[in-house]
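Inspection log for the structure reproduced underneath, given as structure tokens.
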Amino acid sequence: MDTRLKDYLNAATLELGGAADALGDGHWRYAVDDDQIGWLVLNCTDASVNTISDKVLRELDAHLGQIEAEPPRALILRSAKPAGFAAGADIHGLADMDADTAEQLLTDAHAVLNRLQGLSCPTIAVVHGAALGAGFEIALACGYRIAIDGASFGLPEVQLGLHPGLGGTMRLPQLIDPLQAMQMMLTGKTAHTSRAKDLGIADLVVEERHLRAAIHAVVKGEVDQQARGLMGKAFGLSAARSLAAEKMRREVQKKAPKDHYPAPYALIDIWAEHGDAPRAMQKAEIASFARLLQSETSKNLIRAFKLRQKLKQGGKAHCDIARVHVVGAGVMGAEIAAWVAMQGKQVSVTDPDEGALGRMIRRATEICKDAHKDGLATRDTLDRLMPDPKGYGVRNADLVIEAGPENPEVKATIFADLGRQMKTGAILATNTSSLQLEGLTAHVPAKTRFAGLHFFNPVSKVPLVEVVSHGSTSAATRTRLMAFCNAINRLPVAVADAPGFLVNRALMPYLLEALLMLDEGIPKERIDKAALEFGMPMGPVTLADQVGLDICLDVAESLNQSLDTPIADIPSLLREKVEAGNLGRKTGRGFYDWTDGTPAPSSSVAIPADLTDRLILPMLNACAECLRKGVVGSVEDLDAAMIFATGFAPFRGGPMHYAAARGFGTVRARLAELEAAHGARFAPDPYWAEHA
Ligand code: NAD
């Protein structure tokens, strides 16, 4: 028996000797303690986190049969996994299911949760860590939820092109303010402990050591449920729901057009139509979930989810890096250092500019706040993050990350200096985005332990990191760096030392094409709108302003110089803006005016037919070239990298998946047409013909 479970059972003062037999050896174990409280503990076999599969639910059903026959004073459901309550449904089981099978399976699963809800004894879900998706829906079928401090609750199914499918659409709006419930389901956002208490999801929030007292308070009827469902009464009338639903549709439309993301609209329809009839709502939820599972959007979003898992797998080796030294506390160095410290590593940072070190500490506090870290966790992060102007930390570091200016001479001086101090076996990684590593090796202490760790800005928001190997980087170094990325909760992708690596190489033709269109006089709003309608998170002109027009110009020039065939002529408007000092967001003005915050794209402009292909196909063409040249190892890695670094329309499953859906032959023919119309930069890469 694992020690965590033992702890729980000890906490419940179980007679371990006799009760151990009664626990069962499947995913669930059940026992009754001396106070006649039943403990149903979920501990999925062969997994570090609980996921809710068909088998887990069938086992639960069998236990419920036993509990119905001999009801305890109260039934507690909890997890034996340190990681949390449960992470949601087993997505692998769902992905390839046809609609009829899914509908039958869901109907059976709903019956199990109805049975749990109908038990004659009080039922209490005790939640530590995260209760997500189907895990949260099990907790919702209980009469009470006790949150252990730090717990969180969420229904993130919209992120997979679905909505809750195990009764969540019905039970959450019954439990809390229906508008808040819909908001949670429509955004997929998680409610952390205090928010969950305020919303009414958690009846009590306690520390683990007070759990027993909390359970007894519930059993004795001391926990008030009076306020529950009051808000729901206002929306018992279908006219009130219709009005609210219309407003929700308008809000959703701003972020997720129906053609691309049907799930939120389906969810709103279910609530508007059946919000006052729980059983009808349950039936509608099942049918709608089974239908959505067949949609291309859901299949592609589930693909993106699996691609994320695959990237994580690439970094599954044990991480042996505990101490990190960062050189340079500018935009990137500060972000990297703060993020790495928040993830538990010891970090020291040098920069000749002491002001930069001060700004880094401020940035670290902001990042902790965004990540919902409490005061203690923020203080621990800051304790691990050491401004180190003299660079004493270099000698003890297992990994040194260089994030100094993008200038080969400056980097050479930094490397030579580090070489005299770094300990044997330590890795040196550069965050350069446009210099090739091969040209930087002359001054590094050990070529086999020199590589690129290309983080993206902002590190806390963009999960991908390119792990760049040059000709002499050892496989061991790459493995250690991939494991490091995993340990700091970022997604590693292995790429070769080619100009622009993968992501910037693929993104730059798209950005340049957008800026060339500006040169031709096409309005920026029209260009941005075409990209947004395709499903990119931001238009390319806005993106160029965000990145900084000076950086765009640098990267474009550097890529044009190092590639066999330059991407495109540098757009003259780009040069003019940079010369005038209008560098984008950071100076308040670029192509857009940023003085009043992020510019909103206009919705009224029309988009000419070939504009979208002109933007997107050069990016696909560069992706094809990267695959042909082995810059990235597989189509899956490429699609994942582009989704998790650039936000490439995730509901399309990644650029190469999108190209495959259109047909490589079609993509090639379309590129040839664009080449005839606009020039050689559209010449189809040989990859398309080779793999058609
Ligand atoms: P930055 O100009 O904001 O920061 C560079 C920092 O290095 C400054 O604080 C400067 O004081 C410091 N510095 C100067 N000389 C130094 C020395 N000898 N030793 C230590 N520190 C020194 O630049 P940045 O945007 O943070 O870029 C840093 C690196 O990250 C570059 O290689 C860049 O290509 C790469 N990068 C940048 C971005 C981005 O979006 N800005 C994204 C990915 C990668």
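Note that these values count all heavy atoms, side chains included, but never hydrogens, waters or copies made by symmetry. For ligands, and for the atoms within them, numbers begin at 1 and follow the listed sequence.
- E251 is linked by a salt bridge (Lys or Arg N to Asp or Glu O under 4.0 Å) to K254, counting only residues two or more places apart in sequence or in another chain.
- Formation of a donor-acceptor pair under 3.5 Å by the D398 side chain with backbone atoms of I427 is not found in this model.
- Legend: residues meeting salt bridge (Lys or Arg N to Asp or Glu O under 4.0 Å) with R681, ordered by chain and number and at least two apart, are E513.
- Residues T430 and L437 meet the side-chain proximity criterion, which asks for heavy atoms closer than 4.5 Å.
- Between the side chain of N560 and the backbone N or O of A568 there is at least one donor-acceptor pair closer than 3.5 Å.
- Pairs engaging residues 570-580 under the salt bridge (charged side-chain N to carboxylate O under 4.0 Å, His left out) rule: E557-R575 [sequence neighbours left out].
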Tabulation required: pairs of a nitrogen or oxygen in ligand 1 and a protein nitrogen or oxygen under 3.5 Å; columns are atom names and distance to 0.1 Å; otherwise 'none'.
unit_1	atom_1	unit_2	atom_2	d
ligand 1	3 (O)	V331	N	3.0
ligand 1	9 (O)	G330	N	3.4
ligand 1	9 (O)	D351	OD2	2.6
ligand 1	11 (O)	D351	OD1	2.7
ligand 1	11 (O)	D351	OD2	3.4
ligand 1	26 (O)	V331	N	3.2
ligand 1	26 (O)	M332	N	2.8
ligand 1	30 (O)	N431	ND2	3.0
ligand 1	32 (O)	G404	O	3.4
ligand 1	32 (O)	E406	OE1	2.6
ligand 1	32 (O)	K411	NZ	2.8
ligand 1	34 (O)	E406	OE1	3.0
ligand 1	34 (O)	E406	OE2	3.1
ligand 1	34 (O)	S433	N	3.3
ligand 1	34 (O)	S433	OG	3.0

